[in-house]
There are 2 protein chains.
Amino acid sequence: MIKSHINNLQSKGFRITSARSAIINLLESTPHPITANSIHKLLKKVGTDVNITTVYREIEFLLSQKIINKIQLFDTELHYEMADRTHHHHIVCTDCKAIEDLKIDSEKDLLDEVCSDTRYKISTHSLTFYGVCPACK
Amino acid sequence: MIKSHINNLQSKGFRITSARSAIINLLESTPHPITANSIHKLLKKVGTDVNITTVYREIEFLLSQKIINKIQLFDTELHYEMADRTHHHHIVCTDCKAIEDLKIDSEKDLLDEVCSDTRYKISTHSLTFYGVCPACK
DNA sequence: GTATTAATGCAACTTACTTGCATTATAATC
DNA sequence: GATTATAATGCAAGTAAGTTGCATTAATAC
Ligand SMILES: [Mn+2]
Ligand SMILES: [Mn+2]
Ligand SMILES: [Zn+2]
Ligand SMILES: [Zn+2]
């Protein structure tokens with residue numbers, strides 16, 4: 001039996017507030033990265049009307065616990081998604097701004113090439129595609 | 001004989017100001033993307049003490065003329081580099097913040113895969129590696 | 001040299017996010 | 001269930017990067 005994030009946090013001694021569980025639930029049920037502002041608005045819709053500062057602070061906390069990942073797109077706002085999903089990247093519609101997950105098979109070759117070509121100790125990478133989605137074409 | 005950016009802009013009827021030519025010269029001689037703030041400081045050092053607003057406006061102009069590219073790294077500030085360099089990506093040292101160009105041969109396979117896997121009309125992509133550079137290891 | 005208007009400087013504004021501090025609420029202990 | 005310690009919260013103020021309005025300056029055409 002796998003432990004939920006909430007149970008995990010609780011057993012680590014962190015308090016389970018309504019904001020905390022609502023944000024985790026929201027991100028778990030959202031299949032694409034979302035911004036602090038969207039989190040704030042969506043929480044309000046669900047009846048968890050928490051201050052935007054609390055949203056930012058909770059994001060900081062969930063990042064520190066490695067429960068979520070920060071995603072920098074070609075946008076003014078940062079996006080966040082659950083960290084326990086399998087490694088993937090994103091494709092963004094420049095028209096309707098939709099963000100979709102993207103699994104890339106040939107990625108390994110790329111990483112191998114960069115690792116052998118540079119003298120860097122590579123820790124992460126970011127790969128995002130931009131274009132027009134089927135609906136907007 | 002190939003026309004310089006300055007000559008090109010002049011023949012298109014744009015004025016050649018000291019800020020304009022200094023920024024083009026600076027970006028041409030900088031082998032990595034730099035921020036508006038760095039441009040501002042470096043211009044001052046060279047004796048072209050222009051207002052930061054002018055730097056931002058000149059960046060807008062050079063972007064609109066497709067003379068420079070905007071680069072979004074995992075950072076609070078945007079970076080810019082000359083657009084006439086051959087297609088490449090970047091590797092960033094998470095320690096000393098150095099940014100280096102990165103040419104990737106296996107990139108074509110990646111693009112082909114994404115093009116055939118998605119129904120998107122892809123226009124651009126962004127690919128950046130993060131790690132520790134040889135000097136910082 | 002004069003005229004036209006692109007480019008500039010400065011101040012004020014905006015947006016995304018952060019910080020300080022007084023208050024509230026979670027959860028452990030009694 | 002009440003008491004307590006302190007994590008989490010709300011609100012106001014602050015910050016940093018970038019933008020905008022407007023009066024002034026300067027590049028180029030004539
Ligand atoms: Mn995703
Ligand atoms: Mn480059
Ligand atoms: Zn779309
Ligand atoms: Zn380094």
Side-chain angles (χ1 to χ4, degrees), chain A residues 4-26 33-44 46-65 67-80 97, chain B residues 4-26 33-44 46-65 67-80 97:
Chain A
S4 74
H5 289 299
I6 295 291
N7 287 333
N8 248 314
L9 289 175
Q10 201 152 35
S11 66
K12 279 183 189 165
F14 298 109
R15 297 183 184 173
I16 306 308
T17 63
S18 57
R20 181 154 297 163
S21 51
I23 291 176
I24 291 175
N25 286 339
L26 177 60
I34 56 176
T35 65
N37 258 305
S38 331
I39 293 174
H40 185 225
K41 283 180 195 146
L42 290 167
L43 285 191
K44 188 175 248 166
V46 182
T48 309
D49 194 352
V50 81
N51 194 277
I52 184 71
T53 306
T54 300
V55 174
Y56 279 117
R57 281 199 271 235
E58 191 57 30
I59 285 170
E60 268 318 298
F61 171 77
L62 296 174
L63 283 170
S64 77
Q65 294 302 309
I67 291 174
I68 62 172
N69 284 335
K70 190 188 285 193
I71 289 157
Q72 172 86 273
L73 300 173
F74 223 100
D75 190 16
T76 50
E77 294 176 68
L78 288 167
H79 289 67
Y80 305 90
K97 312 297 175 203
Chain B
S4 75
H5 289 299
I6 295 292
N7 287 335
N8 248 313
L9 289 174
Q10 202 152 34
S11 65
K12 280 182 187 164
F14 297 108
R15 296 183 185 174
I16 305 308
T17 63
S18 57
R20 180 155 296 164
S21 52
I23 291 177
I24 292 176
N25 285 339
L26 176 60
I34 55 176
T35 66
N37 259 306
S38 331
I39 292 174
H40 184 225
K41 283 180 196 146
L42 290 166
L43 285 191
K44 188 174 248 168
V46 182
T48 309
D49 194 352
V50 80
N51 194 277
I52 184 71
T53 306
T54 299
V55 173
Y56 281 118
R57 282 200 271 235
E58 191 57 30
I59 285 171
E60 269 318 299
F61 171 79
L62 296 174
L63 283 170
S64 76
Q65 294 302 309
I67 290 174
I68 63 173
N69 284 335
K70 188 188 286 194
I71 289 156
Q72 172 86 272
L73 300 173
F74 222 100
D75 189 16
T76 50
E77 294 176 69
L78 288 167
H79 290 67
Y80 305 90
K97 312 296 174 201

N/O donor-acceptor pair, side chain Arg57(B) with base dG18(D), under 3.5 angstrom: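 Such a pair does not exist between side chain and base.
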[X] side-chain N/O to [N] phosphate OP1/OP2 under 4.0 Å:
X	N	value
Asn51(A)	dC11(D)	yes
Thr17(A)	dA7(D)	no
Tyr56(B)	dG18(D)	yes
Gln10(B)	dT28(D)	yes
Thr76(A)	dT15(C)	no

In a check of side chain to side chain contact (heavy atoms under 4.5 Å, CB included) between Glu58(B) and each of Ile24(B), Leu63(B), Ile23(B), which one passes? Ile23(B)
May I have the distance from [X] (atom [atom1]) to [N] (atom [atom2]), rounded to whole angstrom?
X	N	atom1	atom2	answer
Gln65(B)	dA6(C)	CD	P	13 Å
Glu58(B)	dT19(D)	CD	P	14 Å
Lys44(A)	dT9(D)	NZ	C1'	16 Å
Leu78(A)	dA17(D)	CG	P	14 Å
His40(B)	dT8(C)	NE2	C1'	12 Å
Phe61(B)	dT20(D)	CZ	C1'	19 Å
Glu77(B)	dT15(D)	CD	P	17 Å
Glu60(B)	dT20(D)	CD	P	9 Å

Nearest to the side chain of Thr54(A), heavy atoms from C-beta on, is which of dG10(D), dA16(C), dT28(D)?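 Minimum distance to the Thr54(A) side chain belongs to dG10(D).
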Using a distance-only test with no angle check, is there a side-chain donor-acceptor pair under 3.5 angstrom linking Thr54(B) and Asn51(B)?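 Not at all, the side chains of Thr54(B) and Asn51(B) share no donor-acceptor pair under 3.5 Å.
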If we count only N and O atoms by modelled type, under 3.5 Å, do the side chains of Asn37(B) and Thr35(B) hold a donor and an acceptor together?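 Distance-only check fails for Asn37(B) and Thr35(B).
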Specify the closest pair of heavy atoms between Ile68(B) and Ile59(B), including all atoms of both residues, with the distance to one decimal. CD1-O, 3.8 Å
On DNA chain C, does the nearest nucleotide to Asp49(B) precede the nearest nucleotide to Arg15(B) from the 5' side, or the other way round? Give the residue. Arg15(B)
Could you pick out which residue, Ile52(A) or Ser18(B), lies toward the 5' side of DNA chain D when each is mapped onto its nearest nucleotide?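 Closest to the 5' end, via its nearest nucleotide, is Ile52(A).
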Hey, which of these two, Thr35(B) or Ile16(B), hits DNA chain D nearer its 5' end, going by closest nucleotide? Thr35(B)
Counting N and O atoms only, with roles assigned by atom type, does the side chain of His40(B) sit under 3.5 Å from a partner on the main chain of Val50(B), one being a donor and the other an acceptor?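 Answer holds: yes.
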